[in-house]
Amino acid sequence: VSLTQTIFPNASFSPMDFLDYETKSVQAVTEVVEHDKISQTKLNIGYRFPIRQGDSKHVAAVLFNAALGGYVHSRLFLNVREKHSLCYYVSSVYDAYKGILFIYSGVDAKRLDLAKKVIDEEVKRMCTERISEKELALSKQALINDLKESEDSQGARQNLIYIQTLLGKTPTLAERIEKIEQVTPEDLLEVGKLLVKDTVYLLDVER
């Protein structure tokens, strides 16, 4: 009897059912435009990022997202929002269960084209240029801090145990931190090569 069956005796899923392995070859970027009575344009960009929970490159993908738009030290926040003042907010989120990455932003409608251009440039830089040791260190520290804080959260610990049970892996906090520390700038470049833009969604100001 597996550990999963012992803890969840009435469950009918297999150990990997919670991961979505659907893939497709992106021939052209899909663009969706809608309008509403809003004060700022919502620009969301979706990417295929085929690295999932349990993959050997998973930690590098998490750090890639952290450096791109996951924290206040990230490139999207510093360069798109702070330096160029193109977005009211901008961030990126990596979904390791589906193998996708999203960029969310709120943009002044009059500066939309420039915002899209600068965001694309920052993503391209992350995928083609070696990240600095300082940027990577900041991303590692931010992620490690989150892991340590999650130790004090009952919900976060329950979620961790659930995922570890499904994956059949139970690394300690120290082991998880060690994996983070081992990631190199070259590892981020390697996962960056797998990022493919899929869909651009625009909720524009109704005119």
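Predicted model, so just to flag it, every value in this text is computed and none were measured.
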Hey, is E129 close enough to K124 for a salt bridge, meaning N to O under 4.0 Å?
-> no
So, are E122 and R125 salt-bridged, with charged N and O less than 4.0 Å apart?
-> yes
L195 vs V123, side chain to side chain contact (heavy atoms under 4.5 Å, CB included): CA-CA, chis, key distance, verdict = CA-CA 9 Å; L195 192 73; V123 172; 3.7 Å; yes
Can you hop from [X] to [Y] via hydrophobic side chains spaced under 4.5 Å?
X    : Y    : value
I177 : L143 : yes
Y89  : F77  : no
I144 : V62  : yes
V200 : V205 : no
L173 : I163 : no

Any heavy-atom pair between the side chains of [Y] and [X] that's under 4.5 Å?
X    : Y    : answer
Y47  : I103 : yes
E135 : R75  : yes
R81  : L76  : no
D152 : R157 : no
C127 : F64  : yes
K116 : R111 : no
V107 : Q40  : no
L68  : S74  : no

Let me confirm one number: the [atom1]-[atom2] distance from [X] to [Y], rounded to the nearest 0.5 Å.
X    : Y    : atom1 : atom2 : answer
Y104 : S92  : OH    : OG    : 10.0 Å
I131 : L189 : CD1   : CG    : 9.0 Å
I180 : E175 : CD1   : CD    : 12.5 Å
D108 : S39  : CG    : OG    : 10.0 Å
L202 : H35  : CG    : NE2   : 7.0 Å
L101 : D198 : CG    : CG    : 12.0 Å

Side chain to side chain contact (heavy atoms under 4.5 Å, CB included) between K83 and V118, worked out = CA-CA 11 Å; K83 182 178 179 180; V118 175; over 6 Å; no
Please answer whether the main-chain N or O of [Y] pairs with a side-chain N or O of [X] as donor and acceptor at a distance below 3.5 Å.
X    : Y    : value
S105 : V90  : no
Y94  : I51  : yes
Q182 : K179 : no
D95  : K98  : yes
S153 : S150 : no

Which atom names give the shortest non-hydrogen contact between [X] and [Y], and what distance separates them?
X    : Y    : result
V183 : K140 : O-NZ, 2.7 Å
P185 : E133 : CG-OE2, 3.7 Å
I38  : L203 : CD1-O, 3.4 Å
E82  : S85  : O-OG, 3.8 Å
L86  : A115 : CD1-CA, 3.8 Å
R52  : T23  : NH2-CG2, 4.2 Å

Exactly one of L188, V191, D187 clears side-chain contact (heavy atoms from CB on, under 4.5 Å) with K57, and that residue is V191
Worked verdict on L147 versus R176 for side chain to side chain contact (heavy atoms under 4.5 Å, CB included) = CA-CA 9 Å; L147 289 181; R176 295 167 72 199; 3.1 Å; yes
The complete set of salt bridge (charged side-chain N to carboxylate O under 4.0 Å, His left out) pairs with one or both residues in residues 33-42, sequence neighbours excluded, reads none
Would you kindly say whether Q141 and N145 are connected by a side-chain donor-acceptor distance under 3.5 Å?
-> yes
Indicate whether the side chain of N65 and that of Y71 have a donor and an acceptor atom separated by less than 3.5 Å.
-> no
List in chain and number order the residues that pass side chain to side chain contact (heavy atoms under 4.5 Å, CB included) with A137, two or more places apart in sequence or in another chain; answer none if no residue qualifies.
-> none
Can you establish whether the number of heavy atoms outside E151 located under 6.0 Å from its atom CD is more than 12?
-> yes
Decide yes or no on side chain to side chain contact (heavy atoms under 4.5 Å, CB included) for I119 and L43, but give the supporting numbers first.
-> CA-CA 10 Å; I119 289 173; L43 172 64; 4.0 Å; yes
